[in-house]
Amino acid sequence: MEYNFREIEPKWQKEWAERKTYKVETDHSRPKYYVLDMFPYPSGAGLHVGHPLGYIASDIYTRYKRLCGFNVLHPMGFDSFGLPAEQYAIQTGQHPAITTAQNIARYREQLDKLGFSYDWDRMVQTSDPEYYKWTQWAFLKMFDSYYDYDRRQARPISELTALLSSTGTAGLNAACSEKLELTAEEWNAADERRKQEILLNYRLAYRADTTVNWCEALGTVLANDEVVNGLSVRGGYPVVQKRMKQWLLRVSAYAERLLEGMEKLEWSESLKEIQRNWIGRSVGAQVFFGIKDSDHKLEIFTTRPDTIFGSTFMVIAPEHDLVPELTAPAQRKQVEDYLEETKKRSERERMADTKRVSGVFTGSYAVNPFNGKELPVYISDYVLAGYGTGAIMAVPAHDSRDYAFARHFGLDIIPVVEGGDIATASYDAKEGRMINSEFLDGLDVKEAIERMFREIESRGLGKRQVNYRLRDAIFSRQRYWGEPFPIYYKDDTAYPLTEEELPLRLPEISDFRPTSSGEPPLARAKEWHTKEGYPYETSTMPGFAGSSAYYFRYMDPHNDKELVSREANEYWRSVDLYIGGIEHATGHLIYSRFWNKFLYDTGYVAEDEPFRKLVNQGMIQGRSNFVYRINGTNKFVSLGLKDGYDTQPLHVDVNIVRNDILDTEAFRRWRPEFADAEFILEDGKYVCGWAVEKMSKSMYNVVNPDYIVENYGADTMRMYEMFLGPLEQSKPWDTNGIDGVAKFLRRFWRLFFDKDGSLRVSDDKATAKELKTLHKTIKKISEDIENFSFNTSVSAFMICLNELGDCNKREILEPLLVLLAPFAPHITEELWHQLGHDSTIFDARYPAFDPNMLVENSFEYPVSVNGKMRFKKELPLGMSASEAEAAVLSDPQMEKYTEGKQVRKVIVVPGKIINVVI
RNA sequence: GCUCGGAUGGUGGAAUAGGUAGACACGCGGGACUUAAAAUCCCGUGGGCAGAGAUGUCCGUACGGGUUCGAUUCCCGUUCCGAGUACCA
């Protein structure tokens, strides 16, 4: 009987589904383990060979953990709200729900063919009302909460109103959009509308007029992580800054906890670094500068208070609140022109010419609180309204941007730290000795900073302050295919629906097109309003809403009373292993952590971090093939000969190329214009060139997993993807090497069956050598799986097979089957049953490693002379270092290398090497 | 610009509390079986030099230094590649 994967694989996939082999229940008698994949967005293109990489790794780990006795939760679902389905709907008029359902069915089919151990009974879909009910629910909870910095947690808004009505804002240390000063009397006297306005200033989900990233082409606003280089991540359309009323989540309130929480997580340093940079904590000083002939104070933020004596002017952002107050009548025209000009520049233009210096003088002067010097106040767009206070003290000698500005406007440049040369450039480094700075002179920069913090605070000029780069997340999108907000408006004031009214279902509409005015498509649903006729919010939630807490839903997916029951949550707690792409570092992985911490604060969930260990699989790139057409002809020249001709490389479909040899007949059939192509061959073959590129249709390098499964089988596909290289590394897909893995599985099968198809497994006792091979492999495979080094474990299986020869002993083969089962579940399940077992191999016990099996009584030492390898010497184990030394020095081979010279010393490293130094 | 990561045969990659560099696999070359092909099996395969040959010998982990008996691994500098971020004061 030959290994026939085409028969075995569908057979077991069907059995597993029917027997519900992978069904998981809460089970307090076993330790739990939660393995999660980042769920996919079901795109119309289906899966390519790169997508399953992480799923295969997580499936191997899941099955391994299960064999080790854990109760493993390993679910899968679909992130089914989103832009592409909606874009498709706009083009074709087909409802996104229909295309989404089709795409999901296709994904299911492709995933099932790979033999994953998902408990499909727990599947979730973010666009399912039964699911998004809980997304809306969480939003309502955030709407009903504020963040108390003193207690470092979210609290119900009712506590805030109680506080406001008894003591006002006195002593209140809460996250807010704008600092308010309010007495209890003022609060109590305020009308309903005003009260709601005040509360919005504190709610964790709030609505505000803010500068947003507006994407005209997509007709929607975007969050910071959805915009790269002034272009939308989806589609690459230009994005401009616009002021609009939007819903936001007060993520910034959690900045410090998001930073601290990372410390105990098992995430890669590089991922943590990305999040740290994104959160962008910086310690500095808040300082108030007086304004000459005015009562106004200008509040600035600086991380370099030590350079305050080098400040020669001030700069405020064009959007700064004090712009009108600080603009002198004589300057009004220039200032207005400048504001008009900056408004017109798109974000992208602004980024493109960061070198261009622009700005305008307000006509006002600020006063340096330390030396009374008058500093002209400028407006410039190199100062951002959204960071710090939107105003800076400019120190041109020690900040390159201030330097460029000063040079452009001919302003003074006063060095206050030794080390640079202000004639050519600013000196930005935080080291050196202070000069020109009165009481700071002679101090080191670091000492000077500390000294200034104390001075500023003791003189009452300001205080030490921590600033974060992390902004609140804009939460509304002017699109159709997303979660509706459970919000309605009464007198333009937002009110929440009650929990009982959830889910608020997405209404049917026929025209999904966005509008350039920013009015969402949902506004076309004229019949869509509350019982009393109040209109609903018509924007929808962004993509990250549905993916922020989905891992809770898997714990208890059919619960219609709660997001997750207390019991299920306390058992499964949080995700132990999360596998997915690094591209979510500043999006999903921040939002989820925020969302989780919020739910933790409110007491709904047991853990404050969602993903304990996280592994980022690398991207699988495409490996493109090229043919070389001689210019002006339909002749193609092989790679090795192309230099003799004037050629142009053309992409060729990788599916008609094997081991870089072109199938010339298939090439002629490929496209009509190549039907009469001629070839200049080398050694009778046409050799193609190749390059690593993104996997994409236009480069003809897309490999479909269905094709691999059809031709090699799922087990081979799984093992080969792992064999390709380290999981976390990006690497090109190259079908060329797959034969090695296919050959391994065929050879493995032949250990169990004769040529005539009869089972050849015997109950004879295994030899010491065979047992040694087995236990060496158990040790290696277990360590590799724990380290996610799956490529080396595949190698270890191959080495094991090479060493075993044609061993047919049950004592060896049975444990080996279990070891291999996580990687190749179908073939091992089949052989397991062939060996006479009734239940699934995944109910077996993982084989125990016995170190005694590896014990040797001698060791072959490599002997080196002056660090250079010379010969090998077999020595009994347990020999003392001096005995080993004597044995090596008396070896006849030694003479050749010592050549009569004195041996200075001998270094014996037990179990490793013996080095003789002459 | 700043931050982080990387560089090993024709190819993917293995080996780092410093200890036989190139495991395993692909590809390639040679051979066996076969009418033939596929499949399978065996041998060789980093480079140079010497030798008929077993073998010997030198060089070799991007480049230049250093520490060490010994460096792919540690330290300093350089080059190139990749990722993140970008007027964040």
Side-chain angles (χ1 to χ4, degrees), chain A residues 2 228-230 268-278 280-282 284-285 300-305 307 315 317 350-351 353-357 380-384 386-395 398-402 404-405 428 467-471 582-583 585-586 618-619 623 659-661 690 720 723-726 728-741 743-744 746-747 750 755 789 791-802 860-872 904-909 911-918:
Chain A
E2 271 300 301
V228 173
N229 286 332
S268 69
E269 253 331 289
S270 58
L271 177 52
K272 286 185 183 178
E273 193 62 25
I274 292 173
Q275 288 213 346
R276 273 188 215 113
N277 288 342
W278 189 259
R281 183 182 200 268
S282 63
I300 62 114
F301 174 75
T302 178
T303 55
R304 293 294 302 273
T307 61
V315 187
R350 203 167 133 167
M351 281 181 189
D353 48 25
T354 52
K355 299 226 162 49
R356 201 184 96 188
V357 177
S380 174
D381 64 2
Y382 83 88
V383 171
L384 304 177
Y387 183 79
T389 59
I392 62 160
M393 65 172 202
V395 185
H398 303 288
D399 182 291
S400 55
R401 297 153 302 180
D402 296 345
F405 195 87
D428 295 18
N467 254 326
Y468 300 92
R469 210 188 69 113
L470 184 73
R471 307 294 160 76
I582 191 124
E583 66 272 19
T586 54
M619 269 236 303
R623 186 180 186 278
N659 289 331
D660 293 337
I661 307 296
W690 63 273
Y720 185 55
F723 184 68
L724 224 43
E728 307 206 19
Q729 190 176 302
S730 284
K731 58 231 163 209
W733 174 266
D734 181 358
T735 311
N736 288 342
I738 200 169
D739 285 334
V741 171
K743 205 187 288 178
F744 163 79
R746 282 198 298 266
R747 283 176 64 199
R750 282 202 299 272
K755 277 204 188 74
S789 178
N791 55 327
T792 53
S793 38
V794 175
S795 293
F797 281 120
M798 291 174 175
I799 294 167
C800 175
L801 199 61
N802 289 343
E860 199 179 43
Y861 275 93
V863 179
S864 64
V865 179
N866 285 343
K868 226 172 203 38
M869 276 308 309
R870 291 307 177 180
F871 61 94
K872 283 171 191 170
R904 283 203 291 159
K905 64 177 165 175
V906 178
I907 295 149
V908 180
V909 186
K912 292 238 166 142
I913 198 165
I914 296 173
N915 190 26
V916 179
V917 186
I918 296 166

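In what follows, chains are A, B, ... by sequence order, proteins preceding strands, each numbered from 1.
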- State the CG-CG distance between A:Leu724 and A:Asp734, to the nearest 0.5 angstrom. 7.5 Å
- Starting from the 5' end of RNA chain B, give me the residue, A:Arg304 or A:Arg623, whose nearest nucleotide shows up first. A:Arg623
- Query: If you pin A:Ser282 and A:Gln729 to their nearest nucleotides in RNA chain B, which one's is more 5'?
  - Reply: A:Gln729
- Secondary-structure string, 5' to 3', Watson-Crick or G-U under 3.5 Å, | for another-strand partners, for RNA chain B: (((((((..(((......[....)))((((((.......))))))(((((....)))))..(((((..]....))))))))))))....
Below the 4.0 Å mark, does [N] have OP1 or OP2 next to a side-chain nitrogen or oxygen of [X]?
| X | N | answer |
| --- | --- | --- |
| A:Asn736 | B:A25 | no |
| A:Lys743 | B:C26 | yes |
| A:Arg747 | B:U40 | no |
| A:Tyr387 | B:A89 | yes |

- Task: Can you tell me the distance, in whole Å, between the CG atom of A:Leu470 and the C1' atom of B:A86?
- Result: 16 Å
Considering only side-chain heavy atoms of [X], which listed nucleotide, [options], is closest?
| X | options | result |
| --- | --- | --- |
| A:Arg870 | B:C58, B:U40, B:C87 | B:C58 |
| A:Pro726 | B:U40, B:C4, B:G13 | B:G13 |
| A:Lys731 | B:G13, B:U85, B:A25 | B:G13 |
| A:Ile913 | B:C24, B:U3, B:U20 | B:U20 |
| A:Ser270 | B:C4, B:U40, B:U85 | B:C4 |
| A:Leu384 | B:U20, B:A86, B:C87 | B:C87 |
| A:Ser795 | B:U85, B:C24, B:U20 | B:C24 |
| A:Arg469 | B:U40, B:A86, B:A89 | B:A86 |
| A:Lys912 | B:G19, B:U20, B:A89 | B:G19 |
| A:Asn791 | B:G13, B:C41, B:G12 | B:G13 |

How close do [X] and [Y] get, heavy atom to heavy atom, and via which atoms?
| X | Y | value |
| --- | --- | --- |
| A:Met393 | A:Asp402 | O-OD2, 4.2 Å |
| A:Val383 | A:Ala391 | CG1-N, 4.1 Å |
| A:Ser400 | A:Asp428 | N-OD2, 3.2 Å |
| A:Lys872 | A:Pro862 | CG-CA, 4.3 Å |
| A:Ala394 | A:Val315 | CB-CG2, 4.3 Å |

- Message: Does either side chain, that of A:Arg904 or that of A:Asn866, offer a donor lying less than 3.5 Å from an acceptor on the other one?
- Response: no
- Task: On the 0 to 90° scale, with breaks at 30° and 60°, tag the A:Trp733-A:Tyr720 ring pair as parallel, tilted or perpendicular.
- Result: perpendicular
Between [N] and [M], how far apart are the two [atom1] atoms, rounded to whole Å?
| N | M | atom1 | result |
| --- | --- | --- | --- |
| B:C24 | B:A14 | P | 14 Å |
| B:U45 | B:A23 | C1' | 15 Å |
| B:U8 | B:G47 | C1' | 14 Å |
| B:G10 | B:A50 | C1' | 27 Å |
| B:U72 | B:C59 | P | 13 Å |

- Tell me whether B:G9 sits syn or anti, counting syn as a glycosidic angle within 90° of 0. syn
